[in-house]
Amino acid sequence: MKMVFWIVIIGVLFVLGSAGFWAYKKYNFGASYDVGQEIDSFNEIPVYYNGWFSNIKGRNVTNDGYNLGLKYQCVEFVKRYYFEHLNHKMPNSYGHAKDFFDNSLRDGQKNKARNLFQYTNASRSKPKVSDLLIYKASTFNKFGHVSIVSRVSDDEIEIIQQNIGSQSRETFKLIYSDGLWKIKSSRIVGWLRKAN
């Protein structure tokens, strides 16, 4: 019985160590960037390095008092992008990333708290460049995540994001089936879009 116990403990430690090494390599948490240093940009809106995901360097507020979010979290980037590039202010300027998605809405309805149209993953509406993607909370991140769609093809999307180490870009498969567009990721619950 003791032997089985120690085999299980060693197995768990191996899995945790492997997952930690994978995350370190994928997200490059040991990068030689300073917190607040620009590491990428999209439509001339910079993405800043945040170091460890829980770092906070104060609140970013516009000159007229609009809350962009905590520096240099994922929410701060997408709200800064929408404010500076799309000239958009959200009626509810607070909340965690996961709070951007209103589960009570149907596909294509207006999310009044964000003043954006909301689409579920999967949707009749294909994702577009500058859509805001919302990711659900997880065991290791109870706040969720948000990013911006930076490129779309018929079978793939690219996103740009902040506060994920130095890994600012990521791609996901895009699938069209039975009249619906689905981003192949169990983490993505949907996307928001400013009306034309």
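Contact check for Lys110 versus Asn115: side-chain heavy atoms found under the 4.5 Å cut-off. Contact of the Asp40 side chain with the Phe42 side chain is not registered, since no non-hydrogen atoms from C-beta on lie closer than 4.5 Å. Two residues are said to be in side-chain contact when any heavy atoms from C-beta on lie closer than 4.5 Å; His85 and Ile148 fail this criterion. Looking at heavy atoms from C-beta onward, Lys182 lies out of side-chain contact with Leu174 at the 4.5 angstrom threshold. Residues Tyr135 and Ser147 have side chains in contact (heavy-atom distance under 4.5 Å, counting atoms from C-beta outward). In this structure, Gln161 and Val47 have side chains that are not in contact, with every pair of non-hydrogen atoms separated by 4.5 Å or more. Contact annotation: the side chain of Asn67 approaches that of Lys79 to within less than 4.5 Å [non-hydrogen atoms, C-beta and beyond]. Using a 4.5 Å cut-off on side-chain heavy atoms (C-beta onward), Lys112 and Asn92 make no contact.
Listed for the Lys194 side chain is a donor-acceptor partner under 3.5 Å among the backbone atoms of Leu86. A donor-acceptor pair is defined here as one N or O able to donate and one able to accept, closer than 3.5 Å; no such pair exists between the side chain of Glu156 and the backbone of Ser153. A donor-acceptor pair is defined here as one N or O able to donate and one able to accept, closer than 3.5 Å; no such pair exists between the side chain of Tyr49 and the backbone of Ser32. Of the possible polar contacts, one joining the Gln118 side chain to the Asp102 backbone as a donor-acceptor pair under 3.5 Å is found. Side-chain atoms of Gln162 come within 3.5 Å of backbone atoms of Gln73 as a donor-acceptor pair (strictly under, hydrogens ignored). Put simply, the side chain of Arg151 never gets that close to the backbone of Thr171: no donor and acceptor are under 3.5 Å apart.
Atom CD of Glu44 has 12 or fewer heavy atoms from other residues, nucleotides or ligands within 6.0 Å. Surrounding NZ of Lys89 are more than 12 heavy atoms belonging to other residues, nucleotides or ligands, all under 6.0 Å away.
Between Leu68 atom CG and Phe83 atom CZ the span is 6.5 Å, to the nearest 0.5 Å. With rounding to the nearest 0.5 Å, the separation of NZ in Lys71 from CG in Asn163 is 14.5 Å. The NZ atom of Lys184 sits 7.5 Å away from atom NZ of Lys173, with the distance rounded to the nearest 0.5 Å. Tyr119 OH to Arg106 CZ: the interatomic distance, rounded to the nearest 0.5 Å, is 13.5 Å.
Of all heavy-atom pairs spanning Ile39 and Ser166, the tightest one is CD1-CA, 3.9 Å. Shown here for Ala97 and Cys74, the closest heavy-atom pair between the two residues is CB-SG, 4.1 Å. The two atoms that bring Gly95 and Arg114 nearest to each other are CA-NH2, 4.4 Å, heavy atoms only. Nearest heavy atoms, Phe117 versus Gly108: CD2-O, 3.4 Å. Of all non-hydrogen atoms in Gln167 and Ile164, the two that sit nearest each other are O-CG2, 2.8 Å. When all heavy atoms of Arg187 and Glu170 are compared, the pair lying nearest together is NH2-OE2, 3.5 Å.
Taking Glu84 as the reference, nothing meets the salt bridge (Lys or Arg N to Asp or Glu O under 4.0 Å) condition, with sequence neighbours excluded.
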Could you go through the side-chain contact (heavy atoms from CB on, under 4.5 Å) check for Val75 and Leu70 one step at a time? CA-CA 8 Å; Val75 167; Leu70 300 171; over 6 Å; no
Between Asn43 and Ser130, is the side-chain contact (heavy atoms from CB on, under 4.5 Å) condition met? List the steps. CA-CA 10 Å; Asn43 289 323; Ser130 292; 4.3 Å; yes
Show, in sequence, the C-alpha distance, side-chain angles and deciding distance for Ile183 and Leu133, and conclude whether the side-chain contact (heavy atoms from CB on, under 4.5 Å) test is met. CA-CA 10 Å; Ile183 301 170; Leu133 291 189; 3.8 Å; yes
Run Asn50 and Glu76 through side-chain contact (heavy atoms from CB on, under 4.5 Å) and show every step you take. CA-CA 11 Å; Asn50 194 38; Glu76 188 270 344; over 6 Å; no
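Each of Trp191, Phe172, Tyr176 was compared with Trp181 under the ring pair (Phe, Tyr, Trp, His ring centres under 6.0 Å) criterion, and only Tyr176 meets it. Among Tyr33, Phe77, Tyr72, the single residue meeting the ring pair (Phe, Tyr, Trp, His ring centres under 6.0 Å) criterion with Tyr48 is Tyr72.
Put simply, Tyr81 and Val152 are part of the same group of oily side chains (I, L, V, M, F, W, Y) that touch within less than 4.5 Å, one to the next. Linking ILVMFWY residues whenever their side-chain heavy atoms come closer than 4.5 Å, directly or via other members, leaves Leu116 and Leu105 in distinct clusters. Under a hydrophobic-cluster definition in which Ile, Leu, Val, Met, Phe, Trp and Tyr are linked whenever side-chain heavy atoms come within less than 4.5 Å, directly or via other members, Ile188 and Leu180 are assigned to different clusters.
For residues 88-112, the pairs satisfying ring-ring contact (aromatic ring centres under 6.0 Å, His included) are Tyr82-His88, His96-Phe143, with sequence neighbours left out. Residue pairs meeting the salt bridge (charged side-chain N to carboxylate O under 4.0 Å, His left out) criterion with at least one partner in residues 121-146, sequence neighbours excluded, are Asp107-Arg124, Lys126-Asp154, Asp131-Arg193.
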